[in-house]
Amino acid sequence: MLNDLIKKTKTTLSFEVFPPKKDDEFQAVFSTLDALANLNPDFISCTYGAGGSKSKKTVEIASYIQNELKIDAIAHMTCVGFKQDDLQENCEALKNNGVNYVLALRGDRPQTMTDEQFNSREFFYASDMVHYLKKNTSLQIAGACYPEKHYEAASMESDLIHLKEKVDAGVSFLISQLFFDNDMFYRFKEQTDKAGIMVPICAGIMPVTTAKQLGTTVSLSGSSVPKELADIIANYGDNADDMRKAGIDYAIRQIRDLKENGVDGIHIYSMNKPKTTAEIVANI
Ligand code: FAD
């Protein structure tokens, strides 16, 4: 239950999935979700790919998680791609489907969007969306955070100031950007505590099962790669089976350490791969 996270009564386990790209691929995502549900997560979140119509897919997936699987669902929503009317319509659809949680995000500029379009969005920062949701809906709101700083922020200090504003606007809990170095997360926790950000923070973990995936992930997230993980890639990157095993083992060790250090929640970026996720969960 998501309430366990909010009340900090246990270390929660949760997963992220993404919606299907095409309309005829829903069944595959539902099957993924059925398999993930067997792992008894406390909640499952579904991403939103900026660009209008995809929001309906997020609602549909979130509704399946909530109503068919009876697991708390979080629907991601981004300022990029949502005008106020769309947001209101989306929130009503979520409520009508019994989904009570959203992850309010700024989103990134899609390649197809001009700077002018990006900069004229109605909700500028995630905190603007949080203010709106708090005032106009009864949804519970989560936010994103960055243990190694958001890539646009001039400094960690300014990022933390804006994170505090976002939380104060009405965020009940945070989900972190993926990271590979737990020390970065522990340092971030000290910084958020010092900044008076007291809501629970789920640690975002992404298992790296191929060398190529690490390259893409790092360029998107900006997360630093500890020597131990770099060595895994160097030693096993050319052997698919060994690389997969070593990547899963790395994620398991990362999560065990986080749990021993009393983290509020573990949020696995499942990449819609239930088998990998199941192997991790069986060992933590
Ligand atoms: P914000 O909180 O708005 O912050 C963005 C930047 O602006 C930061 O540098 C911050 O310091 C700065 N800032 C904030 N407020 C102010 C202010 N008042 N004045 C000046 N600067 C300010 N993207 C998607 O498109 N779809 C998804 O489903 C998705 N899911 C995600 C899930 C998680 C857990 C995470 C960590 C990220 C996700 N993203 C997703 C990516 C996210 O949209 C990007 O990282 C985006 O660049 C920032 O979003 P945010 O909500 O953290 O932004």
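Indexing begins at 1, ligand by ligand and atom by atom, following the structure's order.
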Trainee: With only distance considered, is Ser158 within less than 3.5 Å of ligand 1 through an N or O on each side?
Mentor: no

Trainee: Can you confirm whether the side chains of Gln88 and Glu92 place a donor and an acceptor under 3.5 Å from each other?
Mentor: yes

Trainee: Using heavy atoms and a 4.0 Å limit, tell me yes or no: is Tyr151 in contact with ligand 1?
Mentor: yes

Trainee: Only heavy atoms count here, so choose which of Arg106, Lys166, Gln177 is nearest to atom 2 (O) of ligand 1.
Mentor: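 The residue whose heavy atom sits nearest atom 2 (O) of ligand 1 is Lys166.
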
Trainee: Run the side-chain contact (heavy atoms from CB on, under 4.5 Å) test against Arg109 and tell me which residues pass, sequence neighbours left out.
Mentor: Met113, Asp115, Phe118

Trainee: Taking a cutoff of less than 4.0 Å between a non-hydrogen atom of the residue and any ligand atom, is Leu178 in contact with ligand 1?
Mentor: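 Flag not set, Leu178 not near ligand 1.
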
Trainee: Do we see a donor-acceptor contact under 3.5 Å between the side chains of Asn90 and Tyr48?
Mentor: no

Trainee: Does even one non-hydrogen atom of Gly204 get within less than 4.0 Å of ligand 1?
Mentor: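 Distance cut 4.0 Å: Gly204 fails for ligand 1.
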
Trainee: Distance only, no hydrogens: is a donor on one side chain within 3.5 Å (strictly under) of an acceptor on the other, for Ser45 and His76?
Mentor: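 A pair is found: one side chain offers a donor N or O, the other an acceptor, under 3.5 Å apart.
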
Trainee: Number the atoms of ligand 1 from 1 as they appear, then name those within less than 4.0 Å of a heavy atom of Thr78, with their elements.
Mentor: 24 (C), 25 (O), 26 (N)

Trainee: I'd like to know whether Ile61 forms a side-chain contact (heavy atoms from CB on, under 4.5 Å) with Tyr64, so could you lay out the CA-CA distance, the side-chain angles of the two residues, the decisive distance to 0.1 Å, and finally the verdict.
Mentor: CA-CA 5 Å; Ile61 297 292; Tyr64 184 84; 5.6 Å; no

Trainee: Below 4.0 angstrom from a heavy atom of Thr47, which ligand 1 atoms are there? Numbered from 1 as shown, please.
Mentor: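 So the atoms of ligand 1 that pass are 28 (O).
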
Trainee: With no hydrogens and no angle check, just 3.5 Å: does a side-chain donor-acceptor pair link Glu165 and Ser127?
Mentor: no

Trainee: Could you list the atoms of ligand 1 found under 4.0 angstrom from a heavy atom of Ile175?
Mentor: 34 (C)

Trainee: Please could you name the atoms of ligand 1 that Asp159 approaches to less than 4.0 Å, counting only its heavy atoms?
Mentor: 8 (C), 9 (O), 10 (C), 11 (O)

Trainee: Can you check which of Tyr125, Tyr146, Tyr269 brings a heavy atom nearest to atom 50 (P) of ligand 1?
Mentor: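 That would be Tyr146.
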
Trainee: Polar contacts were defined as any N/O atom of the residue lying under 3.5 Å from an N/O atom of the ligand; does this apply to Gly107 and ligand 1?
Mentor: yes

Trainee: For Asp42, is there any backbone N or O sitting under 3.5 Å from a side-chain donor or acceptor partner on Ser14?
Mentor: no

Trainee: Suppose I only count heavy atoms of Leu103 and a 4.0 Å limit; which atoms of ligand 1 are within that range?
Mentor: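 Per the distance check, 32 (C).
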
Trainee: For Asp242, what residues pass the side chain to side chain donor-acceptor pair (under 3.5 Å) criterion, not counting sequence neighbours?
Mentor: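 Result, side chain to side chain donor-acceptor pair (under 3.5 Å) vs Asp242: Asn239.
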
Trainee: Classify the side-chain pair Asp159/Tyr146 by whether it contains a donor and acceptor separated by less than 3.5 Å.
Mentor: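 There is no such pair (donor and acceptor under 3.5 Å, judged by atom type) between the side chains of Asp159 and Tyr146.
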
Trainee: Show the atoms of ligand 1 that are less than 4.0 angstrom away from any heavy atom in Ala144.
Mentor: 35 (C), 36 (C), 52 (O)

